[in-house]
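The structure appears below as structure tokens.
Ligands are counted one by one from 1 in listed order, and the atoms in each one are counted from 1 as well. This structure is a prediction, so every number in the text was calculated from the model and none was measured. Heavy-atom basis, side chains included; hydrogens, waters and symmetry copies ignored.
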Amino acid sequence: MKRKLTSRFIRYAKINTRSKHDETGCPSTTVQFDLAHMLVDELKSLGITELSVDEHCYVVGKMASNLPEDHIAYGKTPVIGFLAHLDTAPDMSGENVRPQVIEKYDGKDIVIGFDESKKEKIIIKLDENPELGKCVGHTVITTDGTTLLGADDKAGITAIVTALEHIKNEQDFLHGDIYFCFNPDEEIGRGTACFPLEKFPVDFAYTIDGGSAGELNKETFNADSAKITVYGRDIHPGTAKDIMINANRVASYIIEQLPRDLSPEKTSGHEGFIHPTEMNASTGEACLKMILRDFEEKGLQANKVILEEIVSRAKKEFPGCSIDLEIQHSYRNMLLKLDQNPQVLKRLEDAVKKAQVDYQWLPIRGGTDGAELTRRGIPTPNIFTGGQNFHGKTEWLSIDVLMKTTEIIKHLVRV
Ligand SMILES: [Zn+2]
């Protein structure tokens, strides 16, 4: 299985599927179809025939139950779905990915390439990668230092396809209906924007997307975004006295007023934050974009109040300037709905134990497609893949951990 996972993952990783922010199309980039079509062909060649890719680049398919009618579990087995996303992060190039395979990793720092601009080696350091220390003897895959790897989330796709292949080929492997979906645009927060819910009639599902060995997720942030527009007054600086209202200064003031401890760089675990992500400013007008996060709804509301107070202080500080604050809903923590479906979580815990992995429920300090699906009625927790350092050149993946993920998928559906 290890060799199969390795070669399959490398094949997927080499296909550029980078998504793009601020595109209105669904999918955001057409390159994602390249992998989608390839997956359809591959799964068909494996004998899985009920699948298709739609115009929005969602690959959805089904492996029908093989339970005999006289089986005790016939008609009582839950219908389970699995999801992984096709796209890779917009932050970093995903073109010409050249995966490097390290067999029997020796437990030392890994030199993956050379940074010409900084004139220094690109190194995956053991002391910065505690998970790496647990992977001695594993097959580890890295980049050559020029792109991201795309283990996020081609590792997830690899595990699902390989599990389906095994389930299909293993004699006496009894299972109920299994659905799978490979979706575009997760990385830009639009993974479920055009989700064909009617083609995915499952009782519950699991996303296979990221994380250390044993990491399971049932919790995400509550998330909103804020857009602050500052209207100043521009005039020639030579005659500006008592007339100019410099939007640059107002915008800087607003950012400076944000509590520094309430930032992604100062928080971890269950702590929330307000994070300014973008600032476009000139003397006459400025636009600030921020994201607001908290695991508790009331924490998110408190962050909103902080922002409102800062804006009203700025208005007093810079008389005559006008400031618009617009808050938009992004997504909500899936914990509440998942806790109402304990059998979905219990089934996963049992499968992980059968694969002999120690598990931990950890909060996702971000979103997941599962959060939106959960909101729409399909409870969808997340399962680890063994990938690390996502969205960057030092991204790496342990194939041995991915092998466990693949086993877990099989345990989840085996009757
Ligand atoms: Zn991902």
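Between Tyr206 and Phe204, the two ring planes are perpendicular [angle over 60°; tilted spans 30° to 60°]. Taking the six-membered ring where the residue is Trp, Phe180 and Phe182 present tilted rings, their angle falling between 30° and 60°.
Sorted by first and then second residue, the pairs that involve residues 15-36 and meet salt bridge (Lys or Arg N to Asp or Glu O under 4.0 Å), not counting sequence neighbours, are Lys20-Glu23.
For the Zn ion (ligand 1), the count of nearby protein N/O/S atoms, taking only those under 2.8 Å, is 4.
Taking the six-membered ring for Trp and the full ring otherwise, Tyr105 and His138 have centroids separated by 6.0 Å or more.
Residue Asp224 forms a salt bridge (charged side-chain N to carboxylate O under 4.0 Å, His left out) with just one option from Arg332, Arg293, Lys304, Lys289, and that option is Arg332.
For the residue pair Glu50 / Tyr179, no side-chain donor-acceptor distance below 3.5 Å is found, with atom types taken as modelled.
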